[in-house]
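Everything on this sheet refers to the single structure shown next.
Throughout, numbering of the chain's residues begins at 1 and tracks the sequence.
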Amino acid sequence: MNLNQINEKNRRKLNRPITGIIQEDRIWEQWYDQEALQQELPKMSQKNYLIECIQNDPNRIILNNRNQKKFTVTEFLNKINLYEKAFTALNLSVGDIICTIGLQTPEMYFIKYAATSLGLITSHLNVLDVAITDNEINRLYLQLENVNPKMIFTLDILEDKIHEIVNNEKFSNAFKVSMPFTYSTSIFNPERLILSLKTLKDFLSGKRIYNSVSLNEFLNLGVNIKKENIKEVYFPGMPCNISFTSGTTGINKAVVLSHDANNALPFQQKIGKFGYEKGTTNLALVFPFLAFWDADIVHAVLCQEGENIIETSLDFKKIPEYFKKYQPNMGIWSQYLWSSLLTLPDEELRKATKNLKHAIIGGARCEVNAAKLFYEKTGVIQTCGFGATEVNTAFSVPHPDCVKLGSAGIPQPFNNVKIVDDSFNDVTYNIPGKLFITGPALMNGYYKRDDLTKKVLYTDEKGIIWYNTGDYAVLDEDGCLTVLDRYMDSIEINYKNKTKKVNPLDIAEIIRKDPNTKDIKITCHDNNQKLVLHISFDTSITNCSNEEALESILNTIKSNLPEEEWPTIISVYEEFPKTPVGKSNYPLLQLFGEELSSQTSKEEKLIVINPESITLKKKMK
């Protein structure tokens with residue numbers, strides 16, 4: 001089954017020599033209108049760019065809150081103005097930080113646009129971080145301490161989880177607002193009574209935020225503020241929001257993103273003509289604490305005249321129910337979560353996905369077998385983009401004229417790619433290496449951490465600032481970028497009195513060619529002398545049993561790799577352990593590899609282990 005789509009008639013000739021140097025050629029621009037690439041990027045606040053994009057259709061639905069309340073463009077903009085007046089009444093200063101700790105609600109949208117139009121900076125924090133410690137200090141506390149907010153908005157149903165942190169004396173000077181989860185719902189919504197009882201119980205037990213005001217009390221502060229008294233602010237590079245990285249590869253960092261970066265993303269997608277139509281309904285399930293929510297789920301969708309459907313649970317069991325309820329046109333989440341739809345009976349699946357046009361994978365590489373099965377069941381091709389918080393999330397996406405299954409699409413207009421080898425020499429097409437990227441959505445830097453910023457931002461001899469992604473990637477002659485894995489330095493393997501230099505990622509790519517593979521990760525242990533292959537199977541295409549799939553993997557290894565490159569251990573999983581946002585938990589796999597490798601000698605090869613021992617099960621929990 002070949003799901004690749006190359007529309008040759010829309011391939012354009014570039015009016016410059018093609019040299020083989022990726023960042024000079026920008027070969028992906030052959031899929032774009034060359035005149036469109038001459039347009040100027042927007043220079044205004046994110047609110048004003050949103051207004052510019054949507055104001056001509058005032059009665060169109062822009063936001064649907066769980067079918068409880070829908071907002072037209074006019075209603076949406078009026079709400080922003082209401083919040084602007086309340087913020088103005090507090091006499092906050094440009095650059096002051098507003099924190100929110102909540103789930104997706106319409107109020108999060110209004111705060112985002114209203115606060116930042118006045119020069120304030122928003123930072124959405126993850127309620128789950130209250131259960132995590134970094135160096136024995138609570139992560140949510142560390143984040144609040146880092147940004148030192150002037151205001152903290154909390155969702156009432158979450159206050160029992162976060163009250164001890166937010167009530168800390170350290171944050172006593174912050175103006176606190178409690179937001180009802182059911183604020184933008186019908187007065188007849190039965191949730192209101194249920195949640196009122198919960199919040200009353202929390203109040204009586206002391207599990208609440210002290211010295212906070214209600215959302216209505218906050219909004220009433222702006223009643224006497226006239227529109228002409230609202231002082232909107234914008235200057236090039238002005239900070240808009242601080243987004244903490246997900247922490248998948250270590251302690252999360254605070255990334256400062258500008259209005260210009262936020263506006264660049266929808267502008268790039270508009271002139272790139274990626275196939276998003278006016279009125280496209282997007283099932284918005286991504287958590288607000290991710291930069292992806294700010295940049296893609298909210299701003300890019302709304303500026304391209306889409307409609308966001310708000311639901312609160314990014315959950316494997318919930319997604320099929322949401323699809324039956326809404327039949328949306330698009331969604332963006334991990335491939336693992338997309339597979340939840342395939343649990344529906346065929347007829348229900350057909351009805352639920354009848355309007356689906358864009359099944360976009362985020363947060364991980366697209367596994368080809370899973371994408372083929374999804375297409376067989378739904379008729380929809382899964383596509384995968386690539387990005388990072390440091391470049392405002394979406395850097396490359398598949399173009400309708402150039403879709404290659406398994407790739408991360410082509411760099412968006414005005415973006416650029418540099419790939420280098422271990423010696424920092426440029427590589428050319430189809431040669432993997434360390435990935436550097438740049439573009440108009442590049443971060444300002446890490447908040448209060450110039451030292452970390454200097455480690456990841458590199459300025460070349462032409463003055464171009466590049467972000468070191470830490471990824472291992474390859475770009476082909478059509479401009480399609482494939483991010484293979486996190487970058488690893490080559491290692492020296494000593495085996496049978498011979499030393500060989502090899503990159504474990506290249507070993508993984510050879511094994512990945514076996515049609516039974518799903519997820520693959522190689523970890524190195526014992527001074528890089530033991531390789532552990534973590535693997536899960538997908539036999540939906542081959543119809544093999546797991547035993548047959550394992551035998552196929554072993555044959556692939558033995559037939560395509562020299563013995564010294566064979567893994568010491570093959571650790572087989574039903575599913576890789578996941579993070580709360582559905583990504584594979586690679587740090588946990590590293591820990592598994594350490595424990596497994598400690599039980600073997602470096603001379604042994606291809607030992608097959610089921611990692612689900614009692615010890616590892618405890619760690620997975």
Side-chain angles (χ1 to χ4, degrees), residues 1-5 280-286 297 309 311-385 398 403-409 512 514-521 534-550 552-553 572-585 620:
M1 183 188 302
N2 184 6
L3 301 182
N4 294 340
Q5 298 178 352
T280 293
T281 54
N282 174 48
L283 182 55
L285 299 181
V286 173
I297 300 301
I309 300 168
E311 283 289 356
T312 55
S313 298
L314 185 61
D315 179 83
F316 190 91
K317 293 181 180 179
K318 289 283 191 180
I319 289 173
E321 297 304 314
Y322 294 153
F323 262 79
K324 289 194 291 184
K325 181 177 179 180
Y326 299 109
Q327 294 92 46
N329 300 135
M330 68 176 286
I332 310 173
W333 44 77
S334 72
Q335 195 169 28
Y336 164 74
L337 293 175
W338 273 113
S339 70
S340 66
L341 289 175
L342 304 188
T343 63
L344 291 172
D346 288 347
E347 183 60 24
E348 289 188 23
L349 177 62
R350 185 188 65 79
K351 291 179 180 179
T353 59
K354 66 180 181 180
N355 296 326
L356 182 61
K357 297 178 181 178
H358 306 285
I360 304 172
I361 297 167
R365 182 176 176 179
C366 174
E367 296 300 330
V368 173
N369 283 355
K372 287 180 177 178
L373 179 62
F374 191 86
Y375 179 78
E376 282 185 358
K377 294 285 189 178
T378 66
V380 178
I381 298 176
Q382 288 183 330
T383 57
C384 182
V403 177
K404 292 190 179 181
L405 202 63
S407 84
R512 196 184 295 273
D514 187 286
N516 295 290
T517 60
K518 183 180 180 182
D519 293 316
I520 282 183
K521 181 71 175 180
H534 306 268
I535 190 168
S536 63
F537 299 145
D538 183 349
T539 58
S540 58
I541 302 299
T542 62
N543 293 317
C544 291
S545 66
N546 282 347
E547 291 75 16
E548 290 169 332
L550 177 58
S552 177
I553 296 293
V572 182
Y573 303 76
E574 183 176 342
E575 289 282 352
F576 275 14
K578 304 294 182 184
T579 68
V581 295
K583 292 184 178 183
S584 293
N585 193 329
M620 290 179 77

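- Partners of Ser340 according to the side chain to side chain contact (heavy atoms under 4.5 Å, CB included) rule, which considers only residues two or more places apart in sequence or in another chain, are Phe316, Ile319, Pro320.
- For Ala370, the side chain to side chain contact (heavy atoms under 4.5 Å, CB included) partners are Gln335, Glu367, Asp538, not counting sequence neighbours.
- Sequence neighbours left out, the pairs with a member in residues 354-364 that pass side chain to side chain donor-acceptor pair (under 3.5 Å) are Glu277-Lys357.
- From Leu405, atom CG reaches atom SG of Cys366 across 5.0 Å, with rounding to the nearest 0.5 Å.
- To the nearest 0.5 angstrom, Lys521 atom NZ is 11.5 Å from Asp519 atom CG.
- Taking CG of Leu349 as the start and NZ of Lys377 as the end, the distance is 8.0 Å to the nearest 0.5 Å.
- Counting only distance, with no hydrogens or angles, the side chain of Ser536 and the backbone of Tyr573 share no donor-acceptor pair below 3.5 Å.
- In this structure, Ile361 and Thr383 have side chains that are not in contact, with every pair of non-hydrogen atoms separated by 4.5 Å or more.
- Separation of atoms CD1 (Ile360) and CD1 (Ile381) is listed at 13.0 Å; rounding is to 0.5 Å.
- The ring-ring contact (aromatic ring centres under 6.0 Å, His included) test applied to Phe374 returns Trp338, not counting sequence neighbours.
- Arg365 meets the side chain to side chain donor-acceptor pair (under 3.5 Å) test with Glu509; sequence neighbours excluded.
- Shown here are the side chain to side chain contact (heavy atoms under 4.5 Å, CB included) partners of Ala284, two or more places apart in sequence or in another chain: Gln104, Tyr109, Asn282, Ile297, Asn308.
- The heavy-atom pair separating Val380 from Ala359 by the smallest distance is CG1-CB, 4.0 Å.
- Thr542 pairs by the side chain to side chain contact (heavy atoms under 4.5 Å, CB included) definition with Pro515, Asn516, Thr539, Cys544, not counting sequence neighbours.
- For Glu548, the salt bridge (charged side-chain N to carboxylate O under 4.0 Å, His left out) criterion is met by no residue, not counting sequence neighbours.
- Using a 4.5 Å heavy-atom threshold, the side chains of Asn585 and Lys578 count as separate.
- Residues Phe537 and Ile553 come closest through the heavy atom pair CE2-CG1, 3.8 Å.
- Looking at Thr353, its side chain never comes within 3.5 Å of a backbone N or O of Leu356 through a donor-acceptor pair.
- Note: Leu3 CG to Gln382 CD = 10.0 Å, rounded to the nearest 0.5 Å.
- With sequence neighbours excluded, the residues satisfying salt bridge (charged side-chain N to carboxylate O under 4.0 Å, His left out) with Lys518 are Glu575.
- A donor-acceptor contact closer than 3.5 angstrom links the side chains of Asn329 and Thr281.
- Note on ring orientation: taking the six-membered ring where Trp is involved, the planes of Trp333 and Phe323 are perpendicular (angle over 60°, cut-offs 30° and 60°).
- The minimum heavy-atom distance between Val286 and Ile332, with the atom names listed, is CG2-O, 3.6 Å.
- Residues satisfying the side chain to side chain donor-acceptor pair (under 3.5 Å) criterion with Glu348, sequence neighbours excluded, are Lys324.
- Atom CD1 of Ile309 sits about 11.0 Å away from atom CE of Met330, to the nearest 0.5 Å.
- Taking the charged nitrogens against the carboxylate oxygens, Lys318 and Glu321 have no contact shorter than 4.0 Å, which rules out a salt bridge.
- Without hydrogens or angle criteria, Ser313 side chain to Asp315 main chain gives no donor-acceptor distance under 3.5 Å.
- Summarising the local packing, NZ of Lys325 is surrounded by more than 12 heavy atoms from other residues, nucleotides or ligands at distances under 6.0 Å.
- Contacts of Tyr326 classified as side chain to side chain donor-acceptor pair (under 3.5 Å), with partners at least two apart in sequence or in another chain: Glu311.
- Not a single salt bridge (charged side-chain N to carboxylate O under 4.0 Å, His left out) links Glu547 to another residue, sequence neighbours left out.
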